[in-house]
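To start, the structure itself, in structure tokens.
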Amino acid sequence: KAYYSGAYRVVTPDSIVLLMNQAEDQFFDLYVNMAGARVNYQNPDSTFCLPCFKARLDLFAGIDFAPFALNGTVRGHVLFDEPENPALWGGAPVSYEDIESAAAYSRQLFPQLTVGVGGPPTFLVGGAPYAKLDFGFAQYSTQEGGITGFLDEELSAAGASGLGALFGMDVLE
């Protein structure tokens with residue numbers, strides 16, 4: 001029986017290798033978030049702190065992702081979530097420049113991993129073109145209206161920005 005199974009997980013340096021091995025053994029595809037909760041990389045005024053973000057990624061610098069990226073177990077690195085939401089980032093969205101800088105740093109440390117951000121392509125299109133960012137992660141909820149229109153709009157924006165699109169569903173909303 002053919003099936004697809006995948007997960008998006010926030011990971012720690014202590015948990016990542018075991019998780020990658022388990023995912024490989026159980027045929028799961030993984031998207032990982034290494035930076036964790038946004039409080040780990042926000043300034044006191046809640047704005048995005050790029051040096052703090054880089055410090056979080058540095059904790060994973062010794063991890064060998066190559067075998068798991070090459071065999072398709074780890075599909076990508078999701079930098080952080082909801083850069084488009086000003087309420088979460090001190091009153092303004094995370095800048096496109098900071099998103100691209102975060103993606104560039106991820107690529108420097110983990111060149112085998114594709115890099116995305118937990119923000120929809122409809123937001124990311126405003127900062128295109130990107131040299132280091134590979135995809136946007138759009139999460140559907142019924143608040144978005146019909147699913148077909150949502151998918152069409154996000155795929156169109158992804159194409160216009162040269163990005164891939166990853167989709168998830170908010171099962172609570």
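Nothing here was measured: the structure is a model prediction, and the numbers come from that model.
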Donor-acceptor check, side chain of T114 to backbone of R75, threshold 3.5 angstrom: yes or no?
yes
Please round to the nearest 0.5 Å and tell me the distance separating atom CD1 of I63 and atom CZ of F110.
8.0 Å
To the closest 0.5 Å, what do you measure between CG (D29) and CG (N71)?
9.5 Å
Which atom of F53 lies closest to which atom of A102, heavy atoms considered:
CE2-CB, 3.5 Å
Of all the heavy-atom pairs spanning L79 and A35, show the shortest one and how long it is.
O-CB, 3.8 Å
Might you point out which heavy atoms bring M34 and F60 nearest each other, and give the distance in Å?
O-CE1, 3.1 Å
E84 and G119: which non-hydrogen atoms are nearest, and at how many Å?
OE1-CA, 3.6 Å
Flag, side chain of S161 to backbone of A157, donor-acceptor distance under 3.5 Å
yes
How long is the span from the CD atom in E82 to the CZ atom in R38, to the nearest 0.5 Å?
6.0 Å
Joint hydrophobic cluster, L166 plus V125, side-chain heavy atoms closer than 4.5 Å:
no
Distance in Å, F137 CZ paired with D81 CG, rounded so as to fall on 0.5 Å steps
7.0 Å
Is there a side-chain contact between F123 and N85 in this structure, where contact means two heavy atoms from C-beta onward sitting under 4.5 Å apart?
no
Option among N21, V17, L19 that satisfies the side chain to side chain contact (heavy atoms under 4.5 Å, CB included) test with F68
N21
Residue pair F48, I99: steps toward the side-chain contact (heavy atoms from CB on, under 4.5 Å) verdict:
CA-CA 10 Å; F48 182 74; I99 293 169; over 6 Å; no
Within the structure provided, determine whether L59 and T12 are in side-chain contact (heavy-atom separation under 4.5 Å).
no
With side-chain contact (heavy atoms from CB on, under 4.5 Å) as the test, would you mind laying out the steps for V115 and K132 before giving the verdict?
CA-CA 7 Å; V115 181; K132 302 299 180 184; over 6 Å; no
Of all the heavy-atom pairs spanning G118 and P83, show the shortest one and how long it is.
O-CD, 3.6 Å
Audit row: L124, F135, side-chain contact (heavy atoms from CB on, under 4.5 Å) steps and yes/no:
CA-CA 9 Å; L124 296 169; F135 64 90; over 6 Å; no
Given 3.5 Å as the limit, does a donor-acceptor pair link the side chain of N43 with the main chain of D45, or not?
no
What distance do T73 atom OG1 and M20 atom CE have between them, rounded to the nearest 0.5 Å?
9.0 Å
Heavy-atom closest contact (H77 atom, L113 atom, distance)
CB-CD1, 4.1 Å
dist L155:CG -> F150:CZ (nearest 0.5 Å) comes out at 9.0 Å
Under the criterion side-chain contact (heavy atoms from CB on, under 4.5 Å), I'd like the reasoning laid out for Y41 against K54: C-alpha separation, chi angles, the key distance, then a yes or no.
CA-CA 8 Å; Y41 42 90; K54 289 179 176 182; over 6 Å; no
Please verify the inter-ring angle class for Y96 with Y130; under 30° counts as parallel, over 60° as perpendicular, anything in between as tilted.
perpendicular
With distance as the sole test, does S156 use its side chain to make a donor-acceptor pair with the main-chain N or O of D152 at under 3.5 Å?
no
